[in-house]
Amino acid sequence: MEYVQERPYRFRVDQRDGMRAPGVVFASPGLLRDAEKSLEQVVNVASLPGIVGASYAMPDIHWGYGFPIGGVAATDVAEGGVISPGGVGFDISCGVRLLTADDGARSLAPVLPAVMDGLGAAIPRGAGPGGVWKLGRAELEALLDGGSRYAVGRGHGVERDLSRCEDGGAVADADVEQVSERARERGLAQVGSLGSANHFLEVQQVAEVYDEDVAAAFGLARDQVCVMIHCGSRGLGHQICTDHVRAMDAAMARYGIQVPDRLLACTPADSPEGRAYLGAMAAAANYGRANRQLLAEAARRVFRRETGGGLTLVYDVSHNLAKIEEHAVDGGGPRRLCVHRKGATRAFPPGHPELPEDLRDVGQPVLIPGTMGTASYVLAGVARGDAFHSTCHGAGRSLSRHQAARTIGGKELRARLEAEGIAVRPLSPRSLAEETPEAYKDVDEVVEASEGAGLCRKVARLVPLGVVKG
DNA sequence: ATGTAC
């Protein structure tokens with residue numbers, strides 16, 4: 001695949017046959033070299049009807065279903081622009097929630113083992129059913145409609161949790177009718193559960209602060225203990241993606257749409273199929289937030305019991321979502337765009353009206369989960385931004401699970417992490433080995449490239465003290 | 001990511 005460097009950390013794939021826009025990849029030369037195969041997917045996305053600007057990829061780009069993970073694409077709704085479930089991914093509304101503890105790392109140290117044991121017992125994880133909130137069918141419908149807002153209304157959290165959650169805890173346009181019976185069935189038993197693979201709950205310590213003022217506005221200071229929760233919408237989101245890819249695949253021909261990859265199935269955003277998916281996707285988005293809200297409550301109970309202290313929400317943001325947003329394109333006026341972010345995080349700039357009032361001057365918190373045993377980051381949206389105000393989402397895999405498990409045994413890895421001072425509460429040795437840090441790209445390099453490309457700025461670096469994994 | 005292939 002041919003590409004040219006436009007400036008540091010920004011590469012362009014020129015528009016050619018079948019492409020409706022160029023491709024733009026933000027990366028260091030090293031990260032781009034590792035991701036060359038995924039450029040095919042950047043090019044495929046550029047063929048989507050109604051695409052504006054470019055088919056973008058973040059520095060953590062890697063191979064996904066249809067869209068690359070790390071892909072961002074916006075289509076013009078009024079011009080027949082499409083929505084593609086593959087541009088969101090199977091784990092709809094996968095995202096990150098960060099909370100701060102009342103105590104610093106030093107005072108936590110003596111009780112950390114008890115905290116980790118408590119979290120290990122309290123956090124449902126792994127494949128299949130299991131969740132902290134057993135609810136009925138009518139309650140699930142209300143949760144799909146109301147997200148975190150419904151969970152808090154039912155006593156699972158405090159009002160402030162909503163002001164620090166993307167969209168105030170719930171997106172408004174969920175359409176529960178578009179969530180299939182099978183998706184509901186799978187979702188019923190999983191509210192308040194981590195899932196598996198790279199999802200985790202970590203107790204972390206702020207190791208470095210890059211911007212004191214912004215960190216203070218986010219409630220972060222050096223040595224502060226935090227809890228980071230990384231999970232999504234479990235089987236419910238997965239089933240919704242499956243259902244709607246199938247429906248769009250069948251309907252596409254009627255709209256005269258052809259795509260180079262079946263998993264790029266799409267229809268106009270403003271069509272019955274497009275609206276159906278967007279409504280179901282919004283319901284899954286609300287499920288994902290409520291899921292993280294319930295897990296935060298479970299962690300709070302453990303912290304209260306073992307430390308006497310609480311956990312305060314910094315922010316909750318998704319990195320797998322499509323949204324209808326207004327953006328100026330090519331120097332023109334604002335247009336209504338369907339912005340797909342798949343493994344990419346929205347990063348609203350300072351002054352954006354959708355930010356909570358107490359964060360409006362500093363920009364949106366962007367939460368980047370690292371790999372078990374490595375660092376995580378807190379970033380902030382910047383005034384100029386790019387790619388419709390998007391940035392990276394994490395490290396991104398470089399080895400398959402099978403390859404990863406061949407490099408080290410679970411028991412050996414656990415011993416290594418514990419020797420590094422990281423308490424580990426895995427579900428099984430095998431699942432741990434599949435997530436060994438060597439299986440992922442260097443999150444420091446990804447964040448460096450994201451900042452270098454002008455997509456965000458660094459606020460703080462967090463290192464793990466303890467990790468709970470599926 | 002995922003009742004890790006209907």
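The model shown is predicted, which means the values in this text are computed figures rather than measured ones. Sequence lines set the chain letters: A, B, ... in the order given, protein chains first and strands last, and positions in each chain run from 1. The figures that follow rest on heavy atoms only: side chains count, while hydrogens, waters and symmetry mates do not.
Using a 4.0 Å heavy-atom criterion, one finds that A:R182 contacts the bases of the nucleic acid, with or without backbone contacts as well. A:Q190 comes within contact range of the sugar-phosphate backbone alone, with a heavy-atom separation under 4.0 Å but no base atom that close.
A:S28 contributes a side-chain N or O that, together with a main-chain N or O of A:L31, makes up a donor-acceptor pair within less than 3.5 Å.
Close to B:dT4, at under 4.0 Å from its OP1 or OP2, lies no side-chain N or O of A:S196. Of the side-chain N and O atoms in A:R234, none sit less than 4.0 angstrom from OP1 or OP2 of B:dA1.
Atom NE2 of A:H244 and atom P of B:dT2 are 19 Å apart (whole Å). At whole-Å resolution of the value, CZ in A:R292 and P in B:dA1 are 14 Å apart. Put simply, NZ on A:K342 is 10 Å from C1' on B:dA1, counting in whole angstrom units. Between the CG atom of A:D243 and the P atom of B:dA1 there is a distance of 21 Å, given to the nearest Å. Separating the CZ atom of A:R341 from the P atom of B:dA1 is a distance of 20 Å, rounded to the nearest angstrom. Atoms CG (A:D60) and P (B:dA1) sit 13 Å apart, rounded to a whole Å. Between the OH atom of A:Y65 and the C1' atom of B:dT4 there is a distance of 9 Å, rounded to whole Å. As a whole-Å value, the separation of A:R125 CZ from B:dA1 P is 16 Å.
Scanning atom types as modelled, one donor and one acceptor separated by under 3.5 angstrom connect the side chain of A:R401 and the base of B:dT2.
Separation of atoms CG (A:L313) and CG (A:L162) is listed at 9.0 Å; rounding is to 0.5 Å. Atom CG of A:L321 and atom CZ of A:R341 lie 8.5 Å apart (nearest 0.5 Å).
Under the side-chain hydrogen bond (donor to acceptor under 3.5 Å, both in side chains) test applied with A:D60, the options A:H393, A:K441, A:H319, A:R397 reduce to a single match, A:H393.
Listed by residue number, the members of residues 85-99 of chain A with any heavy atom below 4.0 angstrom from DNA chain B are A:F90, A:D91.
For the residue pair A:H199 and A:D91, a side-chain donor N or O sits within less than 3.5 Å of a side-chain acceptor on the partner.
Checked against side chain to side chain contact (heavy atoms under 4.5 Å, CB included), A:E185 has the following partners two or more places apart in sequence or in another chain: A:R137, A:E181. Residues satisfying the salt bridge (Lys or Arg N to Asp or Glu O under 4.0 Å) test with A:E166, not counting sequence neighbours, are A:R289, A:K323, A:R346.
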